[in-house]
2 protein chains.
Amino acid sequence: MSGRTGGTGSTPDASRAEHIRVLIVDDHPVVRRGLRAMVDDLPDVEAAGEAADGAAALRLLDAGTRPDVVLMDLQMGDGMHGVEATRRITALPSPPAVLILTTYSTDADILAAVEAGATGYLLKDAPPEEVAAAVHAAARGETVLAPPVAARLLGRVRAGGRPALTQRETEILGLVAEGLANKQISRRLFISEATVKTHLVHIYGKLGVDSRTAAIAAGLAAGLIRAV
Amino acid sequence: MSGRTGGTGSTPDASRAEHIRVLIVDDHPVVRRGLRAMVDDLPDVEAAGEAADGAAALRLLDAGTRPDVVLMDLQMGDGMHGVEATRRITALPSPPAVLILTTYSTDADILAAVEAGATGYLLKDAPPEEVAAAVHAAARGETVLAPPVAARLLGRVRAGGRPALTQRETEILGLVAEGLANKQISRRLFISEATVKTHLVHIYGKLGVDSRTAAIAAGLAAGLIRAV
DNA sequence: CCCGCCCTCAACCGTTCGATTGATTTTCGG
DNA sequence: CCGAAAATCAATCGAACGGTTGAGGGCGGG
């Protein structure tokens with residue numbers, strides 16, 4: 001184990017700290033500036049640093065920056081994607097809480113982020129109070145989900161969740177969205193073209209559409225696939 | 001905030017002003033905060049107000065707010081879209097300069113914004129200095145385009161520009177991406193299905209693809225259309 | 001143990017799509 | 001004024017797609 005704190009679990013020396021230290025990770029200077037201003041507005045929170053992408057954030061953490069909370073965007077143009085960065089950060093010894101703060105709420109992103117160990121998931125259109133509350137909650141180790149995100153997760157778990165494609169179906173829908181024809185998909189996945197068509201029929205039924213292009217649109221709208 | 005001006009409204013007393021007054025329009029509180037912080041950092045610029053969507057911005061302008069520059073996002077979830085807001089603002093008497101500051105640079109958006117009378121087009125990943133320079137330039141009435149945007153526009157005008165769809169073609173590609181069939185598109189645009197197919201053939205040729213799904217993928221990748 | 005779900009494959013058939021060829025009108029710029 | 005580009009429409013034909021029906025193997029829960 002590492003480090004200096006006894007491995008008692010959650011809050012080590014930060015327990016007595018009034019100061020919550022926040023590391024801001026976003027590729028947009030404007031957003032970083034806004035988050036820092038918001039954070040600095042809170043009396044018991046301070047910005048511990050800024051990074052423009054996941055790699056820079058990891059460098060800061062390696063260099064000794066010890067935030068309690070990492071505010072991270074998911075979509076970051078060039079650099080490391082937020083999900084990967086989250087995975088690596090939560091794999092560190094005594095990791096900070098990772099609070100995802102991003103623009104869109106697509107199923108794939110949310111699941112991937114939670115799976116990677118994110119503590120919470122906020123949307124950028126959240127009001128300042130919500131961001132503040134989320135930072136405090138994350139510092140206490142609690143999980144925070146923006147209402148739309150929570151609803152989406154629940155709707156997925158819930159029994160009635162129609163818009164739940166199987167893994168194979170999602171995979172095929174993704175290839176369709178890349179512009180591949182059925183025959184190409186069949187070769188790519190080592191299955192027959194008939195099987196591809198069967199999957200597509202199921203996909204159409206679940207999405208309530210009747211063509212591959214409409215399936216792409218519906219899949220994008222439902223957050224099942226993501227446009228690069 | 002805006003305090004009082006002479007009350008005369010359109011009087012050119014702002015001409016001698018050192019102060020550039022900026023109205024910030026964005027649906028994300030975080031971004032508004034960041035822009036305001038950036039603007040307030042500049043000695044000769046001040047924020048004249050904030051609005052969460054185009055309608056709110058127009059209300060502020062109606063109520064007497066007289067900014068020199070409007071910093072406006074294009075994508076605004078619920079409210080009026082930025083292009084429409086730009087159109088209405090530039091239609092006002094002695095309108096302020098409208099500087100678009102948005103996340104993505106898709107051809108359709110850029111052209112629509114310029115057509116609506118936007119003075120400039122910046123991307124949110126622009127560094128603060130670029131934003132500052134653009135605000136100053138916009139206040140002087142100059143046109144400012146972020147390099148990627150300028151390149152895209154030039155590539156469109158330039159003769160060799162392969163990825164330059166015509167307006168009609170872009171429109172049709174957008175409808176294809178919404179999942180519409182040729183017949184539906186023809187009805188939507190009040191043209192024959194044959195015409196739709198002709199346009200599609202041209203689109204495929206320009207994008208180097210041979211199916212509508214591949215055209216969607218290529219169009220998204222090239223920034224010709226945008227996934228909602 | 002059986003039922004249901006997922007993944008796999010097959011054959012048939014009607015519709016849509018993509019490619020080709022050819023034509024008219026308008027508009028814009030040399 | 002004339003040529004180029006854009007937008008419109010038509011007809012044809014083979015290929016791809018979408019809908020249907022049917023079926024078999026694997027896997028987990030009741």
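These numbers come from a predicted model, not from an experiment.
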All side-chain hydrogen bond (donor to acceptor under 3.5 Å, both in side chains) counterparts of B:K197, not counting sequence neighbours:
none
Does the distance from a Lys or Arg side-chain N to an Asp or Glu carboxylate O, for B:K124 and B:D26, drop under 4.0 Å?
yes
Between CG on residue A:L173 and OH on residue A:Y204, distance to nearest 0.5 Å
9.0 Å
Among residues 175-185 of chain A, which residues get a heavy atom nearer than 4.0 Å to DNA chain C?
none
B:D73 with B:R32: basic N within carboxylate O range, under 4.0 Å:
no
Taken to the nearest 0.5 Å, the spacing of A:L189 CG from A:T195 OG1 works out to 10.0 Å
Any residue meeting side-chain contact (heavy atoms from CB on, under 4.5 Å) with A:A85, in chain and number order, not counting sequence neighbours
A:M72, A:M80
Hits for side-chain hydrogen bond (donor to acceptor under 3.5 Å, both in side chains) against A:H202, two or more places apart or cross-chain, chain-then-number order -> none
With sequence neighbours excluded, what pairs up with A:N182 under the side-chain hydrogen bond (donor to acceptor under 3.5 Å, both in side chains) test?
A:R212
What distance separates A:L23 CG from A:L71 CG, expressed to the nearest 0.5 Å?
8.5 Å
Summary of protein contacts for nucleotides 6-15 of chain C, nucleotide by nucleotide, where a base hit scores B, a sugar-phosphate-only hit scores S (4.0 Å, heavy atoms):
SSBBB-----
Measuring from atom CG of A:L122 to atom OG1 of A:T102, what distance do you get when rounded to the nearest 0.5 angstrom?
10.5 Å
Show every salt bridge (charged side-chain N to carboxylate O under 4.0 Å, His left out) that has at least one partner inside residues 166-190 of chain A, sequence neighbours left out.
A:R168-A:E171, A:E169-A:K206
Just how far is it from atom CG of B:L99 to atom CG of B:L101, taken to the nearest 0.5 Å?
6.5 Å
Check every nucleotide of DNA chain D for an atom under 4.0 Å from a heavy-atom of chain A, then give the first and the last such nucleotide from 5' to 3'.
D:dC17 to D:dT20
Ordered by number, residues from residues 208-218 of chain B within less than 4.0 Å of DNA chain C (heavy atoms) are B:D210, B:S211, B:R212
State, to the nearest 10°, the angle formed by the axis through the first five base pairs of the helix from C:dC1-D:dG30 to C:dG30-D:dC1 and the axis through its last five.
50°
Under 3.5 Å, sequence neighbours excluded: what are the donor-acceptor pairs made by side chains of residues 140-147 of chain B?
{"unit_1": "B:R140", "atom_1": "NE", "unit_2": "B:E142", "atom_2": "OE2", "d": "3.0"}
{"unit_1": "B:R140", "atom_1": "NH2", "unit_2": "B:E142", "atom_2": "OE1", "d": "3.4"}

What residues, two or more places apart in sequence or in another chain, satisfy side-chain hydrogen bond (donor to acceptor under 3.5 Å, both in side chains) together with B:S211?
B:T213
To the nearest 0.5 angstrom, please state how far the CD1 atom of A:I100 sits from the CG atom of A:L123.
11.5 Å
